[in-house]
Amino acid sequence: MRRPAAALLCAVLLAGCSGGAGERPGAADGRAQDPPRAVSAPRPLPPVVDHVPTREPVVFLTYDDGAERDPRFVGLVRERRLPVSMFLTDSVVGPGYGHFARLRAVGASIQNHTLDHPALRGLPYAGQRAEICGQQHKLRSRFGISPRLFRPPYGTYDRTTLRAAADCGITAVVLWRASLGADGELTYTRGEPRLRPGDIVSVPAGETMSPSLTERTVRLLREIERKGLRVGRLEDHVRDHVQDHPMGHSMDHPMGRPKDHLERAPGRRAVGN
């Protein structure tokens, strides 16, 4: 009487063992394994620009930090329809975001200049990403925008900066070829010492600078007009050029490829950048 039961038990055990052979673990009970995760391609590193090649007679005015909030500057931007670019640092702007909301309403663009204005070059990825992405979040919460342009404090960066910027949604890292000095004279980081179409100009700003930001800008506009140039919208020209030259093209900047960028020599860097 026990022999049929024993035979049945043996058959069940054999079937279980043979059924497991050649199958993925867990397939016999209907639980499929999770498919392998797709590895996402790394984002292309953003180009580094101090000049945007263009046939238009335009230069680009950029202002950093957000320390100087001259109310007359809003009127100048409105009256002259100046598409200036404001690279803001959260710890510098402080409670002054309302001023930049007014500037944005009259045509200025708002861009990223980190949360706390550290020199990024040499910092670990996590720290650089926190500075850049953190300011992206601040500007999104304040203005509902996600800037595409980023200026590293003091103009210093390394490959880690470019990787962090790309991961924060930045499409171009913006330096400058010309800088307006306190004496009203333009100095140049490279190339011919004259304004050329496509040049990015840094206009230093500070709480105690004299003449005022408005007065310095008016003097600069006279110089720009004497050269037969006008002020263009930086983000539009950068966007168009990046679309024409994808995958991290350096856009005519000799140090724009993904390599470490050393700090400029003293006296050639815009104050407050």
Side-chain angles (χ1 to χ4, degrees), residues 48-54 56-77 79-89 92 103 107-109 111 113 117 119 149 151-157 173-234 237-238 251-256 261-273:
V48 181
V49 301
D50 64 4
H51 174 93
V52 185
T54 179
E56 295 184 46
V58 295
V59 295
F60 310 104
L61 299 189
T62 64
Y63 300 77
D64 290 352
D65 303 343
E68 189 170 355
R69 296 186 280 275
D70 181 357
R72 295 178 300 167
F73 187 66
V74 178
L76 177 66
V77 170
E79 293 164 11
R80 300 291 295 269
R81 298 182 179 179
L82 296 176
V84 297
S85 299
M86 315 301 295
F87 288 85
L88 300 185
T89 295
V92 176
L103 273 172
S109 77
Q111 306 297 340
H113 197 43
H117 207 273
L149 305 182
R151 173 167 286 167
Y154 314 108
T156 62
Y157 67 93
V173 172
V174 177
L175 303 184
W176 60 92
R177 197 182 84 85
S179 175
L180 185 67
D183 58 0
E185 296 295 322
L186 286 169
T187 58
Y188 298 85
T189 61
R190 65 180 182 93
E192 295 180 79
R194 64 179 182 87
L195 277 178
R196 301 180 302 172
D199 278 346
I200 298 172
V201 182
S202 171
V203 182
E207 293 179 351
T208 60
M209 291 189 72
S210 179
S212 70
L213 187 63
T214 300
E215 292 166 332
R216 297 197 305 276
T217 301
V218 167
R219 293 178 186 178
L220 178 57
L221 290 173
R222 293 191 189 119
E223 176 67 15
I224 290 170
E225 291 163 357
R226 276 197 296 268
K227 301 292 185 182
L229 302 169
R230 56 184 171 81
V231 180
R233 183 171 293 279
L234 177 60
H237 284 73
V238 170
M251 292 173 62
D252 198 37
H253 189 271
M255 294 174 287
H261 173 44
L262 300 178
E263 191 168 344
R264 291 177 173 79
R268 302 194 68 185
R269 188 181 68 208
V271 176
N273 283 316

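- Atom-to-atom distance recorded for Leu76:CG and Leu103:CG is 10.0 Å, nearest 0.5 angstrom.
- The side chain to side chain donor-acceptor pair (under 3.5 Å) test applied to Ser109 returns Ser85, Gln111, Glu235, not counting sequence neighbours.
- Taking 4.5 Å as the limit, some side-chain heavy atom of Leu175 sits within range of a side-chain heavy atom of Pro152.
- Legend: residues meeting side chain to side chain contact (heavy atoms under 4.5 Å, CB included) with Ala178, ordered by chain and number and at least two apart, are Leu186, Tyr188, Leu195, Val201.
- Contact annotation: the side chain of Thr217 never approaches that of Val84 to less than 4.5 Å [non-hydrogen atoms, C-beta and beyond].
- Once rounded to the nearest 0.5 Å, the distance linking CG of Asp50 with CG of Asp199 reads 7.5 Å.
- To the nearest 0.5 angstrom, Phe60 atom CZ is 11.0 Å from Leu149 atom CG.
- Every residue meeting the salt bridge (charged side-chain N to carboxylate O under 4.0 Å, His left out) condition with Arg230, not counting sequence neighbours, appears here in chain and number order: Glu56.
- Looking at Thr189 and Arg177, their side chains come closer than 4.5 Å, going by heavy atoms from C-beta outward.
- Take Glu192 and apply the salt bridge (charged side-chain N to carboxylate O under 4.0 Å, His left out) test, not counting sequence neighbours, and it matches Arg194.
- Between His117 and the options Asp64, Asp65, Thr89, a side chain to side chain donor-acceptor pair (under 3.5 Å) holds for only Asp65.
- If you run salt bridge (Lys or Arg N to Asp or Glu O under 4.0 Å) between Arg216 and each of Glu223, Glu185, Glu68, only Glu68 comes through.
- Using a 4.5 Å heavy-atom cutoff, the side chains of Met86 and Val77 are not in contact.
- When the side chain to side chain donor-acceptor pair (under 3.5 Å) test is applied to Arg222, no partner is found at least two apart in sequence or on another chain.
- To the nearest 0.5 Å, the span separating CG on Asp70 from OG1 on Thr214 amounts to 3.5 Å.
- With sequence neighbours excluded, no residue satisfies salt bridge (charged side-chain N to carboxylate O under 4.0 Å, His left out) with Arg81.
- Remark: Arg219 pairs with no residue by the salt bridge (charged side-chain N to carboxylate O under 4.0 Å, His left out) rule, at least two apart or across chains.
- Applying the ring pair (Phe, Tyr, Trp, His ring centres under 6.0 Å) test to Tyr63 and every residue at least two apart in sequence or in another chain returns Phe73.
- Going from atom CZ of Arg233 over to atom CG of Leu61 covers 12.0 Å, rounded to the nearest 0.5 Å.
- Between atom CD1 of residue Ile200 and atom OG1 of residue Thr62 there is a gap of 7.0 Å, rounded to the nearest 0.5 Å.
- In this structure, Arg151 contributes its side chain and Val174 its backbone to a donor-acceptor pair below 3.5 Å.
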